[in-house]
Amino acid sequence: MAEPKKHKTLAIFSLIVFLISIVVCFIIVVYNLASIQSQSNANAVQGAQRDYSVLITGNSENKFILRHVYEGATIVGNFYDSAIQYYIPESKTRGTSMQSLFDYASYTNADCVIAYIDPDVEDFIPPVNSSGEKIPIITVGTYSPEISQISHIGVNYAELGASMAQEAAEFLNGTGTIYILNTLNIQDFYNSTFINSLYNALKAYGDINVLNSRISKNSGFTIEDSVRQQIASTGQIDLILSLSEQDTVLAAQTILDLNMGANTKIIGFGNGYESNLYFEKGIVAELFKVDAVDIGKKAVHEFFEYNTNGSANSYVTADIQLLKTRMDK
């Protein structure tokens, strides 16, 4: 008698636990669905309350800087009555065309597009809204006069060149050897301004020896191999001054490959994920970068000016940040 009663009690207990588990799971599911629905409704209301829609877009390799541009735009979005959208393709290849991104802007009927432009951007047809009117474009990244943009948010290259020269001189305490790593297209007006400003400022420091990278497309070597050979054969280099994201990453990789980190430091310029990663690891001692949050704020403001007055500033200067990892000497 005792054994059947024991089994019956155990069965009843198991059934109660099972039923309680079902009730708990049901409550959790209902709560989560309610939370999701509430959040969706809040987003829908927020979107409905905004008069304008601003789309931030670009290729996936520029996602690191565009996330900060988006951050800045959302900070001021409410003030300018603008809902901020963010669209970056998930693919990490360069297969996504700028045209497809602008087609997406047309599909979503955005009121303005803030787009990151690469140096090798291909031709595209400007986006249009549902009424067939051109959607205003604000560009960041590379400035191109060929693009019908209402405004470009970029760098004061003359100021950047002078600032990098001064920081390099202070880093070396006014004496030493600088290797300037430069793969920029010097035919570009802004790059030319940047480089001229840098060299002119360095002339004031007579005890600093300046070496130039010599990149030849006809040498039979890749840019990476050419730079590696030059740095390896030059002798003592106290500081590598890198003038772009690509150059900063290349300098860091070269220093690691040649095991020169103890004696050769890097001051770079870049807004990409890799340059920031090398900075965080201490391989890049100092990193100049554009304040991307500031870009986002200024871009939305320029759209407001255009929408209110019919025009915007054609070129707006973004703030520059300097990040440091080294200890003062």
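Count residues from 1 along the sequence.
- Using a distance-only test at 3.5 Å, with no hydrogens or angles considered, no donor-acceptor pair links the side chain of Glu133 to the main chain of Val128.
- Counting only N and O atoms by type, the side chains of Tyr273 and Glu61 include no donor and acceptor under 3.5 Å apart.
- Taking the side chain as every heavy atom from C-beta outward, Ile138 and Gln149 never approach each other to under 4.5 Å.
- Side-chain atoms of Thr264 and Leu239, non-hydrogen and from C-beta on, never get closer than 4.5 Å to each other.
- No close placement of the Phe304 and Phe79 rings is indicated, their centers lying 6.0 Å or farther apart.
- Under a hydrophobic clustering in which Ile, Leu, Val, Met, Phe, Trp and Tyr are joined whenever their side-chain heavy atoms come within less than 4.5 Å, directly or via other members, Leu277 and Leu323 fall into different clusters.
- Within the 4.5 Å cutoff, no side-chain heavy atoms of Ile240 are placed close to those of Lys265.
- No donor-acceptor distance shorter than 3.5 angstrom exists from the side chain of Asn59 to the backbone of Asn62, with no hydrogens or angles considered.
- Among residue pairs with one or both ends in residues 292-306, those qualifying as salt bridge (Lys or Arg N to Asp or Glu O under 4.0 Å) are Asp294-Lys298, Lys298-Asp319; sequence neighbours excluded.
- Side-chain contact check for Gln99 and Asp103: at least one donor-acceptor pair (N or O, by modelled atom type) lies under 3.5 Å.
- Remark: side-chain polar atoms of Ser275 are not paired, donor with acceptor, to backbone N or O of Glu245 under 3.5 angstrom.
- With a 4.5 Å cut-off on side-chain heavy atoms, Val227 and Leu181 count as touching.
- Considering only heavy atoms from C-beta on, Leu287 stays 4.5 Å or farther from Lys324 through its side chain.
- For the pair Glu286 (side chain) and Ile267 (backbone), a donor-acceptor distance under 3.5 Å is absent.
- Contact between Ala162 and Ser197 at its shortest, heavy atoms only, is N-OG, 3.2 Å.
- Here the closest non-hydrogen pair linking Gly174 and Asp207 is O-CB, 3.3 Å.
- In this structure a side-chain-to-backbone donor-acceptor pair under 3.5 Å is missing from Thr139 to Ile117.
- Tyr143 pairs with exactly one of Phe189, Tyr116, Tyr157, Tyr190 by the ring-ring contact (aromatic ring centres under 6.0 Å, His included) rule, that one being Tyr190.
- Checked by atom type and distance alone, the side chain of Ser100 pairs as donor or acceptor with a backbone atom of Ser97 at under 3.5 Å.
- Side-chain contact check for Asp257 and Gln253: no donor-acceptor pair (N or O, by modelled atom type) lies under 3.5 Å.
- To the nearest 0.5 angstrom, Phe279 atom CZ is 7.5 Å from Asn276 atom CG.
- Between Ile266 and Ser242 the shortest heavy-atom distance is CG2-OG, 4.1 Å.
- Using bins of under 30°, 30° to 60° and over 60° for the plane-to-plane angle, the ring pair Tyr104/Tyr107 lands in the tilted bin.
- In this structure a side-chain-to-backbone donor-acceptor pair under 3.5 Å is missing from Ser192 to Asp188.
- A donor atom on one side chain and an acceptor atom on the other are found under 3.5 Å apart for Gln85 and Ser53.
- In terms of heavy-atom proximity, Asn313 sits nearest to Ser151 at O-OG, 2.6 Å.
- Just one of Ile153, Ile114, Val316, Asn271 meets the side-chain contact (heavy atoms from CB on, under 4.5 Å) condition when paired with Ile295; it is Ile153.
- Put simply, the side chain of Val69 does not reach to within 4.5 Å of the side chain of Val293, judged on heavy atoms.
- At distances below 3.5 Å, at least one donor-acceptor pair connects side-chain atoms of Asn129 with backbone N or O atoms of Ser131.
- In this structure, the side chains of Tyr306 and His301 stay at 4.5 Å or more apart for every pair of heavy atoms.
- Between the CG atom in Asn200 and the CD1 atom in Ile195 there is a gap of 11.5 Å [rounded to 0.5 Å].
- Two residues are said to be in side-chain contact when any heavy atoms from C-beta on lie closer than 4.5 Å; Tyr86 and Ile88 meet this criterion.
- Closest approach of Val290 and Ala318 over heavy atoms only: CG1-CB, 3.7 Å.
- Atom CG of Asn309 has more than 12 neighbouring heavy atoms from other residues, nucleotides or ligands inside a 6.0 Å radius.
- Atoms OH and OG1, from Tyr278 and Thr248 in turn, are 11.0 Å apart once rounded to the nearest 0.5 Å.
- Between Tyr80 and Phe303, the distance separating the two ring centers is not shorter than 6.0 angstrom.
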### Stepwise side-chain contact (heavy atoms from CB on, under 4.5 Å) check, Leu241 with Tyr179
CA-CA 6 Å; Leu241 201 55; Tyr179 176 87; over 6 Å; no

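- In the model, Asn182 has no side-chain atom that pairs as donor or acceptor with a side-chain atom of Ser213 under 3.5 Å.
- Residue Pro89 comes nearest to Ser60 through the heavy atom pair O-CB, 3.4 Å, listed as atom of the first residue, atom of the second, then distance.
- Grouping the Ile, Leu, Val, Met, Phe, Trp and Tyr side chains by contacts below 4.5 angstrom, directly or via other members, places Phe64 apart from Ile84.
- Between the side chains of Asn307 and Tyr52, a donor-acceptor pair is found at a separation under 3.5 Å.
- Proximity of a side-chain donor or acceptor of Gln321 to a complementary backbone N or O of Lys289 within less than 3.5 Å is not detected.
- Distance alone, capped at 3.5 Å, is enough to place a donor-acceptor pair between the Thr74 side chain and the Tyr70 backbone.
- The structure places CG of Asn263 at 8.5 Å from CG of Asp238, a figure rounded to the nearest 0.5 Å.
- With rounding to the nearest 0.5 angstrom, the CD1 atom of Ile223 is 8.5 Å from the CG atom of Asp247.
- Here Ile320 contributes atom CD1 and Ser163 contributes atom OG; the two are 8.0 Å apart, rounded to the nearest 0.5 Å.
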